2 protein chains.
Amino acid sequence: MNIPSPLEVWLIEDNATFRRTIARVIESNFRCPEGFSRCEDAIECLAKTGARPDVILLDVALPGMNGIDGIPLLRQAAPETRIIILTVFEDDDKIFRAICAGAAGYLLKTASPEEIVRAIRDVLDGGAPMNGRIARRLLEMFSRFNRPHKDYHLTIREREILELMVEGRIKKEIASRLTLSVHTVDTHLRNIYAKLEVHTRTGAVAKALKEKLI
Amino acid sequence: MNIPSPLEVWLIEDNATFRRTIARVIESNFRCPEGFSRCEDAIECLAKTGARPDVILLDVALPGMNGIDGIPLLRQAAPETRIIILTVFEDDDKIFRAICAGAAGYLLKTASPEEIVRAIRDVLDGGAPMNGRIARRLLEMFSRFNRPHKDYHLTIREREILELMVEGRIKKEIASRLTLSVHTVDTHLRNIYAKLEVHTRTGAVAKALKEKLI
DNA sequence: AGCGGCATCCCGTGTTCGCGCGAATAGCAG
DNA sequence: CTGCTATTCGCGCGAACACGGGATGCCGCT
């Protein structure tokens with residue numbers, strides 16, 4: 001493997017010592033031409049030079065704009081570039097916001113050089129490298145979305161009609177689509193209202209979506 | 001490492017051949033005393049024997065109750081047991097539901113024996129082992145939870161009215177609450193429809209909730 | 001000053017909806 | 001067989017709705 005890899009990795013990290021250490025690690029497997037201590041500098045460089053790195057390793061605590069707020073801007077400037085967070089923080093809020101902002105991976109600075117290189121390969125391979133504890137946290141956050149799935153005892157038919165309502169169909173359309181008379185649709189609607197305890201179709205649609213009944 | 005590991009792994013998998021293969025793999029590192037072809041059998045065994053495995057490898061497609069629906073019951077019977085999904089499915093819905101139900105990991109059946117063993121260790125170590133593509137999917141699902149708020153250029157007034165619509169208010173109520181005539185509300189609604197490219201209030205409410213405009 | 005664009009407001013008309021009533025059929029469990 | 005539920009269909013009325021217009025005031029641009 002002496003062929004120089006065409007893959008380019010950037011590093012945004014304000015601690016110069018740590019940055020150089022990581023850069024050396026990366027250089028053994030990828031090109032790592034650019035190192036920045038500030039998010040803004042990297043964004044400007046993307047805009048001016050038109051350079052498009054394959055991966056950016058991004059710190060969270062940075063002078064000026066923090067890494068997480070920088071993610072959307074970096075992604076806007078270079079949509080194809082995968083961003084891996086590399087930080088000491090592992091609190092739920094930072095993880096959540098980073099992932100929501102579009103980070104493709106989340107590593108801790110305790111990661112070994114091998115782990116970092118593996119993560120870069122992984123992310124280029126369509127994966128989402130992250131520290132084990134981070135992954136666990138993410139899953140727990142997910143399961144918190146777990147809806148108690150309150151059951152309103154809607155029938156199959158009622159659910160079908162609710163779905164079409166959510167699509168914005170009017171009664172006549174629903175009737176023809178299900179090969180029913182509008183009167184039947186009407187009756188179903190009334191039963192749905194009663195079961196969901198609402199009085200309008202907007203209320204029914206709102207409740208259906210909020211409680212993920214459909 | 002000739003000391004028998006005290007760690008116990010169960011396997012719920014209906015394909016007897018595959019089950020035996022995996023069991024052999026696991027046996028080289030853990031105790032794997034129980035293999036089930038049905039979720040219900042495992043749940044019953046947990047209840048009757050009081051056995052508490054450390055990890056359960058769980059298939060999704062099973063005769064009788066499917067694996068995903070089995071997760072809550074297994075967790076109820078043995079809350080400390082970590083469940084790892086081991087399946088051929090990688091569609092968003094199954095992943096999402098499995099994670100929400102409380103699975104601690106998600107592997108594909110294409111995983112190598114080493115990966116399976118590593119996953120078991122990982123999950124016992126507080127991690128959340130999963131296939132790279134699965135992890136990526138999960139992150140994408142996450143970022144969908146607060147996607148970049150596509151801007152439909154709704155005005156303050158329009159947003160107010162949209163909010164009240166989502167609450168299930170009728171035009172008259174909206175009008176009185178905002179001290180307007182119903183006609184004014186009506187016009188705002190039309191503008192909202194145009195901006196959201198819908199033709200009904202249900203459509204508007206659905207779009208507003210789906211895209212988290214409010 | 002003139003102009004277009006936009007947010008805000010209002011009215012009338014024809015359509016759709018919510019809901020009151022009633023009723024028939026089919027399937028399923030006790 | 002006898003309830004029970006799901007599903008289907010019917011009619012009529014008043015309320016709510018969609019949409020065609022029309023109008024005012026504010027802001028920025030030229």
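Everything quoted here is computed from the prediction, not taken from an experiment. So you know, we letter chains A, B, ... as the sequences are listed, proteins then strands, and number each from 1.
Residues that satisfy the side chain to side chain contact (heavy atoms under 4.5 Å, CB included) test with A103(B), not counting sequence neighbours, are I71(B), I85(B), A98(B). Scored by the side chain to side chain donor-acceptor pair (under 3.5 Å) test, E90(A) finds R133(A) as partners (sequence neighbours excluded). For the side chain to side chain contact (heavy atoms under 4.5 Å, CB included) test, residues two or more places apart in sequence or in another chain that qualify with T200(A) are T202(A), I170(B). Every side chain to side chain contact (heavy atoms under 4.5 Å, CB included) that R38(A) has, sequence neighbours left out, goes to E40(A), D41(A), P63(A).
For residues 180-206 of chain A, the salt bridge (charged side-chain N to carboxylate O under 4.0 Å, His left out) pairs, not counting sequence neighbours, are E158(A)-K195(A), K171(A)-D186(A), D186(A)-R190(A). Screening residues 42-52 of chain A for salt bridge (charged side-chain N to carboxylate O under 4.0 Å, His left out) gives E44(A)-K48(A) as the qualifying pairs, with residues at least two apart or on separate chains. Pairs passing the salt bridge (charged side-chain N to carboxylate O under 4.0 Å, His left out) check and including a residue from residues 54-81 of chain A, sequence neighbours excluded, read D59(A)-K109(A).
Residue T184(B) has no polar side-chain atom (N or O) positioned under 4.0 Å from OP1 or OP2 of dT8(C). Look at H183(B) and you'll find a side-chain N or O under 4.0 angstrom from OP1 or OP2 of dC11(C). Residue K172(B) has no polar side-chain atom (N or O) positioned under 4.0 Å from OP1 or OP2 of dA15(D).
In the helix from dA1(C)-dT30(D) to dG30(C)-dC1(D), the end axes, each obtained as the rotation axis mapping the C1' atoms of four pairs onto the next four within a five-pair block, lie 50° apart to the nearest 10 degrees.
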Given protein heavy atoms under 4.0 Å, the one-letter contact record of nucleotides 19-30 of chain C, with B base, S sugar-phosphate only and - none, is simply BBB---------
